[in-house]
Structure formats: structure tokens, C-alpha cells
Protein chains: 2
Amino acid sequence: MCLTNGGVAMKYVHSCMIRGDGGRTLRAILDQICNKWTLLVVATLDGGTLRFKELHQRIPGISQRMLTLTLRHLERDGLVSRTVHAEVPPRVEYELTATGRSLLEPALALAGWAIEHVPQIEASREAYKKA
Amino acid sequence: MCLTNGGVAMKYVHSCMIRGDGGRTLRAILDQICNKWTLLVVATLDGGTLRFKELHQRIPGISQRMLTLTLRHLERDGLVSRTVHAEVPPRVEYELTATGRSLLEPALALAGWAIEHVPQIEASREAYKKA
DNA sequence: CCGAATCCTAAAAGATACTG
DNA sequence: CAGTATCTTTTAGGATTCGG
């Protein structure tokens, strides 16, 4: 299967996305990845294992609730592993799984595109407002 | 700037995302791209110009309202051009701009990743439910 | 320290009806 | 044909409190 040619492959993506159930599942997964915090949590876990509190500190603005929810979803989807150490006080460590790490490259590509195009998009928004 | 090495570059992305304003703008753009319909509209416009009605037909399930909103946002951000032909009945054509086309590749990479991992993620979800 | 439970608001999205 | 307007439902996310 060729996934390198935009012209052809995007049609394949399109066909996958509009199929009744596959579409719903695929969109659910894409939504999951692209929500407010997921990409940031994955990016933060790149490079090694972190505890809950460390994650909380490194992601300014995230609430405990959203960090917990995001981690649970990532764990459920098999992208992050969660290890509880039976100590007092408790220590819980999070780490990307192989699947989670495999997400880094495409996620990076998209984030990179967004970073590159921020000025251009902002300019376009300004121009649009005036018109 | 190196954007090809996940280990290093993801930290760059992370640093971009947590910066006060740049972070907000960047996340707003990512949110925009990854919302329920944007990727699908962009994928559908790959390959050529389409009228409003054609888009509506090729994207099952989208409401007129959401198609309009999505197209307005894409137009505002400079990813899609909108051409009104002064005829009766009216004819409005939408087309990807150069910037819009440049989004195809990274968007494709992410969608491709999601498509590839659907079975694995679903299996992980099943296992998670039971446990 | 880690996180579950609850309550609340704002935004997104859907349904429906109408118009130049 | 290509929208706009309005209404309702649904969801995401934040604040706070409590528990193991």
C-alpha cells in the first residue's frame, strides 16, 4: 500500500474515514490524539519515564483531572504504560509503549507543519477579519 | 533546524506548545485541523475543485451548517479558496490553496498511522475493559 | 502522592426551518 | 444552489472536594 503519494493516498484516507463503522472508530482515534492535551503529554513523555507529579509540573496549565483522564485514555489505547510501585507514599510511573513512540513521528510532522505555518495563518486571519 | 529526529524535535515541539502565547496559538491551530470535519474536508478537496453541494454529497453525515463553518475556517486560515460565480443558480467552488495542499502530507501521515493502528488500539481497548 | 467523584460552564455539534 | 438563523443536545474541560 502506498502511503507516500498525497494525491492517491488521501483518497484512501477519505474512503477509510467515510466508511460507517471504520470511519467512526478512526475519527474517534484521531479526535483522541488531537484533543487539547494528548499530544502534549506524549511529547512530554518522549525521552523517558515520568511520575504523575513530574508530568503535572512539566505541562503548565493542565488540571489534575485532565492529566488523569488523558493518561487513562492513552493507557487504554496502549500508547502509555502505567506502573504502580507499592510504596508509601505511592509512586506511579508513566512511559510510552512502542506504539506510543511510533506515534511521535507523524505527530511531530503535523506539529511541525503547524509551527511553520503559524505566522502565515495568523496573517491570513488578520486579512480575513478586515475584509 | 532539525525536524527529523523524534527525540530532539519533540522537545522543540513541546517547548513551542507550552510557551504562553505561541502555545495558545499553536494549539488553536492544531485543534482547528483535528476537529471533527476539517481533515475530512481537506481530504475530499484533494484532487480538485468542488462545489458546495458536491462536498456535501461526498462527506456523509456532515450537516450543511458544519460544512459551512468548516469551510469558513479553512478559508479564514488561507487553506482553502472560495470562488463565487455570478450566475443563477449560484455556483460556489472550493479549492485547496498551496498552503492547504502542504497540509496534506503531514495530515496523511497521521491519518495513516491511525488507520494502521486501529486494530491494535481496539484490541487494547477490549483488553482494558475486561481488566 | 496519586487520583476518584462531583458539580459547573462554555463550546461544539446536530436538527430544523427559512432566504437571496 | 448555497447558504443563514435559531434552537437544543452533547461534549470537553475547569474548579473543587474527598479518599487510599
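These numbers were taken from a predicted model, which means no experiment stands behind them. Letters A, B, ... mirror the listed sequences (proteins, then strands); counts begin at 1.
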For the helix from dC1(C)-dG20(D) to dG20(C)-dC1(D), what angle lies between the axis at the first five pairs and the axis at the last five pairs, to 10 degrees?
50°
Determine: side-chain N/O of Tyr94(B) to OP1/OP2 of dC1(D), distance under 4.0 Å, yes or no.
no
Quick one: Leu67(B) CG to dT4(D) P, roughly how many Å, whole number?
11 Å
Is Leu79(A) reachable from Val84(A) through a run of hydrophobic residues whose side-chain heavy atoms are each under 4.5 Å from the next?
yes
Taking CG from Leu50(B) and P from dA2(D), how many angstroms apart are they, rounded to a whole number?
11 Å
List the atom of Ser102(B), the atom of Trp113(A), and the distance in Å for their closest heavy-atom pair.
OG-NE1, 2.9 Å
What residues, two or more places apart in sequence or in another chain, satisfy side chain to side chain contact (heavy atoms under 4.5 Å, CB included) together with Thr44(A)?
Leu50(A), Leu55(A), Arg58(A), Ile59(A), His14(B)
Classify the side chain of Arg65(A) and the base of dA5(C) as holding, or not holding, a donor-acceptor pair under 3.5 Å.
no
For the side chain of Arg91(B), starting at C-beta, report the closest nucleotide among dA2(D), dG14(D), dG3(C).
dA2(D)
Return the value, rounded to whole Å, for the distance between atom CZ of Arg27(B) and atom P of dA12(D).
17 Å
Nearest whole angstrom, please: distance from the C1' of dA12(D) to the CG of Asn35(B).
14 Å
Heavy-atom check, side chain of Leu74(A) versus side chain of Val41(A), under 4.5 Å:
yes
Would you say the side-chain atoms of His56(B) pair up with the backbone N or O of Phe52(B), donor to acceptor, closer than 3.5 Å?
no
If you measure from SG on Cys34(A) to CG on Asp31(B), what distance do you get to the nearest 0.5 Å?
8.5 Å
The answer to which of Pro90(A) and Ile62(A) contacts DNA chain D further toward the 5' end, by nearest nucleotide, is Ile62(A)
Just to confirm, is there a sub-4.0 Å distance from OP1 or OP2 of dG3(C) to any side-chain nitrogen or oxygen of Lys53(A)?
no
Name the closest nucleotide to the Met66(B) side chain, picking from dG3(D), dG3(C), dG14(C).
dG14(C)
Ion pair check, Arg125(B) and Asp77(A), cut-off under 4.0 Å
yes
Of the nucleotides dG14(D), dC1(C), dC1(D), which has the atom closest to the Arg51(B) side chain?
dC1(D)
Would you please confirm or rule out a distance under 4.0 Å between OP1 or OP2 of dG3(C) and any side-chain N or O of Arg82(A)?
yes
